[in-house]
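Inspection log for the structure reproduced underneath, given as structure tokens.
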Amino acid sequence: MGEREHTYYRTLYDLVRVINSSLEPTTVLDTIAKQVADAMHAKACTLRLIDRRGTTLLASAAWGLSKGYLRKGPIEIAKSGLDREVLAGNVVHIQDVATDPRFQYPEAARAEGLVSILVLPLLVEGKAIGSLRVYSAVARNFTDEEVEFAGAIANLSAIAIENARMHQALKTDYELLTAYNNTIHEL
């Protein structure tokens, strides 16, 4: 096993442990963003989730990007050809985000020092819930191995997000049922 494969294997192992040990989405997603960027020798990584209206991608976790870049404006799905393509289930690689018309904020990316990007969908039962973005500070062709590794991470991320959502729903249902039962007993 080569060094890169070992790094990917170790990262997958560590992320599975984090996902298995925490239902706190912020902790899990922040760890994923950092670990992916480190393992892929990338400048940055973000995980973005579709908002309740289905119109915007919200940054749920980010590593390696400035607060200024993260505040550049909303990622509006209707205005981002890149994200429409990804949310349709496709993996997208852009060699130069400053010149590709699918990228919504090319000037902000240039100012942040971002050049290439790899974007993968986060899918739950075949439905997109968001995306995983890996940013490079240099022009880069992501290898098949990198795409495969990022795809595995995207799948793990989607599972972690769905587990956290189901946990929160169960917790809310339990609290409502407990409050209802307490009310009945008080009568």
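Basis for what follows: all heavy atoms, side chains included, without hydrogens, waters or symmetry-related copies.
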Seminar exercise, completed: Taken to the nearest 0.5 Å, the spacing of Asp14 CG from Arg17 CZ works out to 5.5 Å
Exercise. What distance do Leu82 atom CG and Asn90 atom CG have between them, rounded to the nearest 0.5 Å?
Worked result: 10.5 Å
Exercise. Is there side-chain contact between Trp63 and Asp38, with heavy atoms separated by less than 4.5 Å?
Worked result: yes
Problem set entry | Nearest heavy-atom neighbours spanning Phe142 and Ile117 | CE1-C, 3.8 Å
For this session: Go through the structure and list residues passing ring-ring contact (aromatic ring centres under 6.0 Å, His included) with Tyr135, not counting sequence neighbours.
Result: none
Seminar exercise, completed: With sequence neighbours left out, the residues meeting ring-ring contact (aromatic ring centres under 6.0 Å, His included) with Tyr69 are none
Seminar exercise, completed: dist Ser157:OG -> Ile32:CD1 (nearest 0.5 Å) comes out at 3.5 Å
Seminar exercise, completed: Heavy atoms of Ile50 and Gly54 approach each other most closely as CG2-CA, 3.4 Å
Problem set entry | Flag, side chain of Glu112 to backbone of Ser66, donor-acceptor distance under 3.5 Å | yes
Problem set entry | Student check: side-chain heavy atoms of Tyr8 and Glu146 closer than 4.5 Å | yes
Problem set entry | Test side chain to side chain contact (heavy atoms under 4.5 Å, CB included) applied to Lys43 and Arg140, step by step | CA-CA 12 Å; Lys43 175 178 176 59; Arg140 179 171 174 177; over 6 Å; no
Exercise. How many angstroms lie between atom CG of Leu123 and atom CG of Leu87, to the nearest 0.5 angstrom?
Worked result: 9.0 Å
Exercise. Any chain of hydrophobic side-chain contacts (each under 4.5 Å) joining Leu29 to Leu156?
Worked result: yes
Problem set entry | Pairwise distance CZ(Arg10) to CD(Glu3) - rounded to 0.5 angstrom | 14.5 Å
Exercise. Donor-acceptor pair, Asp100 side chain versus Arg102 backbone, under 3.5 Å?
Worked result: yes
Seminar exercise, completed: Output for pair (Ile77 CD1, Arg48 CZ), nearest 0.5 Å, gives 11.0 Å
Exercise. Is it true that atom CD of Glu148 has more than 12 heavy atoms of other residues, nucleotides or ligands lying nearer than 6.0 Å?
Worked result: no
For this session: Could you tell me which residues satisfy side-chain contact (heavy atoms from CB on, under 4.5 Å) with Ala154, sequence neighbours excluded, listed by chain and number?
Result: Leu120, Leu122, Leu132
Problem set entry | Side-chain heavy atoms of Thr143 within contact of Arg4, under 4.5 Å | yes
Seminar exercise, completed: When every non-hydrogen atom of Ala158 is compared with those of Val124, the smallest separation belongs to O-CG2, 3.8 Å
Exercise. Is there a chain of hydrophobic side chains (I, L, V, M, F, W, Y, each step under 4.5 Å between heavy atoms) that links Leu65 to Val97?
Worked result: yes
For this session: Would you list the pairs meeting side-chain hydrogen bond (donor to acceptor under 3.5 Å, both in side chains) in which at least one residue belongs to residues 70-83, sequence neighbours left out?
Result: Ser80-Asp83, Asp83-Arg133
Exercise. What's the shortest heavy-atom distance between Ala137 and Val115, and which atoms?
Worked result: O-CG2, 3.1 Å
Problem set entry | Polar side-chain atom of His93 near backbone of Ser116 as donor-acceptor pair, under 3.5 Å | no
Problem set entry | With sequence neighbours excluded, residues passing side-chain contact (heavy atoms from CB on, under 4.5 Å) with Asn155 | none
Problem set entry | Contacts of type ring-ring contact (aromatic ring centres under 6.0 Å, His included), residue Tyr105, not counting sequence neighbours | none
Exercise. Is any side-chain heavy atom of Leu49 less than 4.5 Å from a side-chain heavy atom of Leu47?
Worked result: no
